[in-house]
There are 2 protein chains.
Amino acid sequence: MARTQAADYEERREAIVEQAARLFAKTGFLGASVADLAAACATSKSLIYHYYPSKEDILYAVMISHLDQLSEDVVAVTAMPADPAERLQTLVHRFMQHYVGAADRQKVLLNELDNLPLERRAEVVAKQRVIIGVVHDLLVALKPELAADRARARVHTMLLFGMINWTHTWFDPKGAVSADEVADVALDLIVPGGQPFPATPVRRRVAKAAEPARGLTRHSRG
Amino acid sequence: MARTQAADYEERREAIVEQAARLFAKTGFLGASVADLAAACATSKSLIYHYYPSKEDILYAVMISHLDQLSEDVVAVTAMPADPAERLQTLVHRFMQHYVGAADRQKVLLNELDNLPLERRAEVVAKQRVIIGVVHDLLVALKPELAADRARARVHTMLLFGMINWTHTWFDPKGAVSADEVADVALDLIVPGGQPFPATPVRRRVAKAAEPARGLTRHSRG
DNA sequence: CCTACCGATCGGTAGG
DNA sequence: CCTACCGATCGGTAGG
């Protein structure tokens, strides 16, 4: 009997990636075996290899799926009719939301890059570079003193990423401080005096009354 | 002929740790075999096991040796007859120096903690906590608004560690920006307005002309 | 989609 | 009789 692709093919692939992210985050890419992954998915090793040609392909899927989410945020922010301050705020808040919502994938992305084959590693690094570049340009726009000093601008950019990327080692979403609050603190440190939203006060709130005080949700979807 | 412990016993142990740090940083604790380590040390696997009872003991030695260096800095700074601003500056600069000078160990400490047995992991975490606590207290002393808000103080502390710890992913000691300059930028972000040294300026440059513009080197040793 | 296996390599230990 | 150190190989398990 001829079989076409299972109707839930994509769902199964995604389920494998989800479990892989959990396992790889917990015991590392090398520490988690394909047999472990199969067990976590309540199937066989062979089934895993039906959906992905190799363990490394699964690692790649974990990383790229996460990175694509972050890239979507970057595209959305690039399209925003807003000033740099508001763009940077939106971006950092969205990043923190994804870091928390996909903490396993974030940890895997940060810790297991060396286990990717060279070509795919380069692809991941290229995507990261685009994201870093956008943040870099926003910082330069916001801090005029950085425009004249590229090296210093890069340091500021990477220190900002350090602040938010490092959260995966200590931040507890169930703790007293929210991801948005952490984002606000990081933003205030990197761009002192920037207000919690909207960024350029002057007079823009005229027609828009009753927005959420520290709004961010505005960009969530609808 | 009777043999006592080799005269260079400690040197050999340290050489193993040094090579292990290099290998574990490059391919990960699980990715590097004891055979690889033996080859890197130009000896046999059995020799490795003569000096360390297990692979995990070597990982522990890599981490603790590095952490002890950082703890020494903390003790030294605690004994300094200086104000909090100068203490924090000294500490952050020394940390960055060690991160660069022992980049392999730093990377292993940050990435391979999960591969330590529970008891020793707890020991490492306890040492880290002491270091974090000292930085936390210095920040609270420097930023009065944090004294009333413990949660916020913790966020500031961890964001500072994020800035400097994350440098292992991007900082190039041969690049245009020095480790001391990165430390200065991080310090200026976390404690705005703090001067590059000495911390309490008022009038101290009187007798010292012609210093480097963005000086920092002053603290390197002499 | 499973059981049965493979070539290789793992961390650790044997005798001498 | 001790410790230092070697070549060889153990029982299990890895990805495929």
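Each chain gets a letter, A, B and so on, in the order its sequence line appears, and its residues count up from 1. Keep in mind that what you see is a predicted model, and the values were worked out from it rather than measured.
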### Query
With sugar-phosphate meaning primed atoms plus P, OP1 and OP2, does Ala38(A) contact a base, only sugar-phosphate, or nothing at under 4.0 Å between heavy atoms?
nothing
### Query
What is the distance, rounded to the nearest whole Å, between atom NZ of Lys45(A) and atom C1' of dC5(C)?
10 Å
### Message
Just verifying a value: how many Å separate Ile131(A) CD1 and Gln128(A) CD, rounded to the nearest 0.5 Å?
### Response
7.0 Å
### Query
Is any side-chain N or O of His50(A) closer than 4.0 Å to OP1 or OP2 of dC1(C)?
no
### Task
Let me have DNA chain D in dot-bracket notation, would you? Count Watson-Crick plus G-U wobble pairs, both distances under 3.5 Å, and use [ ] for pairs crossing earlier ones and | for inter-strand partners.
.....|.|.||.|.|.
### Query
Quick one: Phe24(B) CZ to dG11(C) C1', roughly how many Å, whole number?
12 Å
### Asp36(A) and Ser33(A): side chain donor to acceptor below 3.5 Å
yes
### Query
Rounded to whole angstroms, how far apart are CG on Leu30(A) and P on dG16(D)?
11 Å
### Query
NZ of Lys55(B) versus P of dC10(C): gap in Å, rounded?
8 Å
### Query
Whole Å only: how far is the CD atom of Glu56(B) from the P atom of dC10(C)?
16 Å
### Task
Can you figure out which of dT13(C), dG16(D), dC5(D) approaches the side chain of Tyr49(A) most closely?
dG16(D)
### Query
For the residue pair Trp166(A) and His168(A), does the interplanar ring angle fall in the parallel (under 30°), tilted (30 to 60°) or perpendicular (over 60°) class?
perpendicular
#### Entry: Sugar-phosphate, base or nothing in reach of Ser54(B), heavy atoms under 4.0 Å
sugar-phosphate
### Task
Among dC10(C), dG15(D), dC5(D), find the nucleotide with the atom closest to the side chain of Arg12(B).
dC5(D)
### Message
Quick check: closest heavy atoms across Leu159(B) and Ala186(A), and the distance to 0.1 Å?
### Response
CD1-N, 3.8 Å
### Message
Regarding Ser46(B), tell me which of base, sugar-phosphate or nothing describes its non-hydrogen contacts under 4.0 Å with the strands shown.
### Response
base
### Task
Quick one: pull up OG1 in Thr157(B) and CG in Leu139(B) and give me the separation to the nearest 0.5 Å.
5.0 Å
### Message
So, OP1 or OP2 of dC6(D): does either fall under 4.0 Å of a side-chain N or O from Ser44(B)?
### Response
yes
### Query
According to the interplanar angle, ranging from 0 to 90°, do the rings of His98(A) and His66(A) count as parallel (below 30°), tilted (30 to 60°) or perpendicular (above 60°)?
perpendicular
### Query
Between Ile58(A) (CD1) and dG15(D) (P), how many Å, whole number?
10 Å
### Query
Any luck finding a side-chain donor-acceptor pair between Arg22(B) and Gln19(B) under 3.5 Å?
yes
### Between P of dT13(C) and OH of Tyr51(B), the distance in whole Å
18 Å
## Note on the structure
note: Tyr52(A), atom OH; dG15(D), atom P; distance rounded to Å ~ 17 Å
